[in-house]
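This report concerns only the one structure given below.
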Amino acid sequence: MTDVMTDRRPLTGQPGDPLPVSLKQARLPRWSPPVIALVSAAAGCGIGLAAGLDSRIQWGLIAALLFIVGTYALAAAVEGRRQAKDRLATSLVWIAFLLAVIPLASLLWETVARGSKVLDGYFLSHSMGTLPDAMPGGGIYHAIIGTLEQVGLATLIAAPLGLFTAIYLVEYGRGRLAKVVTFFVDVMTGIPSIVAGLFVLSVWILILGFGPSGFAGSMALAILMMPVVVRSTEEMLKLVPNELREASLALGVPKWRTILKVVLPTSIGGITTGVMLAIARIAGETAPVMLLVWGAKTINSNPFEDAQQSLPLYVFQQWQQGSEASYDRAWAAALVLIAFVMVLNLVARGIARWKAPSTGR
Amino acid sequence: MAKRIDVSGLTAYYGSHKAIDDISMSVEPRSVTAFIGPSGCGKSTFLRTLNRMHEVTPGGRVEGKVLLDDENLYGSGVDPVAVRRTVGMVFQRPNPFPTMSIFDNVAAGLRLNGTYKKSDLKDIVEKSLKGANLWNEVKDRLGKPGSGLSGGQQQRLCIARAIAVEPQVLLMDEPCSALDPISTLAVEDLIGELKERFTIVIVTHNMQQAARVSDRTAFFNLAAVGQPGKLVEIDDTERIFSNPSVQATEDYISGRFG
Ligand SMILES: Nc1ncnc2c1ncn2[C@@H]1O[C@H](COP(=O)(O)OP(=O)(O)OP(=O)(O)O)[C@@H](O)[C@H]1O
Ligand SMILES: [Mg+2]
């Protein structure tokens, strides 16, 4: 390819500018943005040091400002005003991106650095048992079991309900009932997790008289999960082109079979992704678990009876203990929780890619 | 196999909007009938009332009678699903099922209805693909996704899919509008062959195509934008194109429309 073809903006200039004689234009070299970034970062540090600014955030802001101004000025001088504006927008997007990534990266870094201290096979395969809180040792086996069971049960309740609700709304829902359902799903999306916990607490434990159990927690988690599943499934079902439904109906296929055999297979990748992300979302819920599952130190693998532990609650309780050993355990459990959520995300992506309707030849 | 269609006093609505008004006509079995007329005059709407696809559209409503060999499609107790098994349809844009292979696409109607014998499936698929003039192009890649075919091949795949369920009437809504001349010719040849077995109704904007493939031609028109579409006349294709009885038809065909 020639230069002219790779240049994405050959015909340039302000409205009033004379027409360019050639399609080629002076361009900043490709390596200029990183170099400008480096220079402004160095200058930011320099100015920060010289002025005796303590806050690294101020250093960063100065560097960012220098980067924006520098890029704009250079581009304006070499390439012209329109390209300068383009570069300005690009720099702003990059800075916004960095601002978003920095907290994420540092959170991950901190958790890995602190969490890997006590994270080993023993930690993963043992419960706390009767270990005193201040002592090192112990593990999270009971919390992992609890989280898996509670989240699994919540998914068993919420995923089918959410799926059917979404199918109703997209495929059948017309008129009043559909509007009412949509409204309540919207309301449910905004329910704080502690309120969902209190609701189950008052009905299941206070009125019906059951004790704390993993299942009680699952019900609260299911309440939190369902609207998310409904919403994401709805979006996925709406993406299925109407033509496919009509093609199937015109073959004399009943509507329910059309939904089952044509609509759902076409959107199954997106639907599972949505469910997985909803699972990831509830796996870190602490408040309802605290109210309904209570937490435990020993292994209880029966989610329908007696208190259980869960990972987020374990993190919370260990942190509350306030000893060196319990801090370490809290970080390690947090790391396991993050890893769990990440694996779920990866699986979701894998399924989405694997199940995406193929267009290839 | 092929059945005759008698439509009388058919009016169709989208919500409160009347799209076609009081249409009556007959379609002979084992013939090709072409619908022509300006855009928006209700050809697609009318076509879709012939296999009860119109009511799939939200707000879609139909008044009047459609007799398929003396049985009213809109009679009480008639199952729209059964109607659509008898009256197949091919759409303007090819719409193969993206999750299915070529083979599964053709087999879809039978499989989804659950009305087939396993041993017959392969034969039916081969017969339908041959019937749609597609067999030679896809016989080595039946397991590949149907959406990997070219537009023209996809449209013939959709025709194969429609004829695999052995309907008695085949409705085609501008089946060639997305195709190149060669694929168009292939589909037209196909229509010529299919009319031995099916009753065919085809909507087209292409006068030459209507003249080439059809035995009878119906001209639809609408008085003004927003008015419902009406059937102006239906007659033998030769007559419509040489000596129509209504002036508007001649104007439209010769390009002096509007
Ligand atoms: N889904 C719909 N909802 C509401 N009105 C519709 C819908 N589909 C079609 N109409 C209206 O019905 C009338 C007839 O439309 P139709 O699609 O049958 O025209 P057509 O003759 O097939 O046109 P074309 O040649 O452009 O395909 C038009 O006025 C159109 O606006
Ligand atoms: Mg149309």
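Predicted model, so just to flag it, every value in this text is computed and none were measured. Numbers restart at 1 for each chain; the letters A, B, ... are given by sequence-line order, proteins then strands.
- Closest non-hydrogen pair, A:Ala250 versus B:Asn51, comes out as CB-ND2, 4.4 Å.
- No more than 12 heavy atoms of other residues, nucleotides or ligands sit less than 6.0 Å from atom CD of B:Glu71.
- In the displayed structure, A:Trp94 atom CH2 is contacted under 6.0 Å by at most 12 heavy atoms of other residues, nucleotides or ligands.
- Neither the backbone nor the side chain of B:Val90 comes within contact range of chain A; no heavy atoms are under 4.5 Å apart.
- Considering every non-hydrogen atom in both A:Glu246 and B:Val56, the closest pair reads OE2-CG1, 4.4 Å.
- Nearest heavy atom pair, residue A:Ala247 against residue B:Phe97, reads CB-CE2, 4.1 Å.
- The 12-atom threshold is exceeded at OH of A:Tyr172, counting heavy atoms of other residues, nucleotides or ligands nearer than 6.0 Å.
- Other residues, nucleotides and ligands contribute more than 12 heavy atoms inside 6.0 Å of the NZ atom of B:Lys139.
- Put simply, CE on B:Met89 and CG on A:Leu251 are 11.5 Å apart, with the number rounded to the nearest 0.5 Å.
- Summarising the local packing, CZ of B:Arg93 is surrounded by 12 or fewer heavy atoms from other residues, nucleotides or ligands at distances under 6.0 Å.
- Using a 4.5 Å cut-off between non-hydrogen atoms, the part of residues 252-263 of chain A that approaches chain B consists of A:Gly252, A:Val253, A:Pro254, A:Arg257, A:Lys261, A:Val262.
- By number of non-hydrogen pairs under 4.5 angstrom with chain A, the leading residue of B:Ala108, B:Ala82, B:Pro58, B:Pro80 is B:Pro58.
- Contact record, B:Asn95 with A:Leu244: O-CD2, 3.8 Å, taken as the closest heavy-atom pair.
- For A:Tyr168, the OH atom counts as densely surrounded, since its 6.0 Å shell holds more than 12 non-hydrogen atoms of other residues, nucleotides or ligands.
- No more than 12 heavy atoms of other residues, nucleotides or ligands shown are found within 6.0 angstrom of CD1 on B:Ile182.
- Heavy atoms closer than 4.5 Å to chain A are found nowhere in B:Arg52, neither backbone nor side chain.
- B:Asp123 CG: more than 12 foreign heavy atoms inside a 6.0 Å radius.
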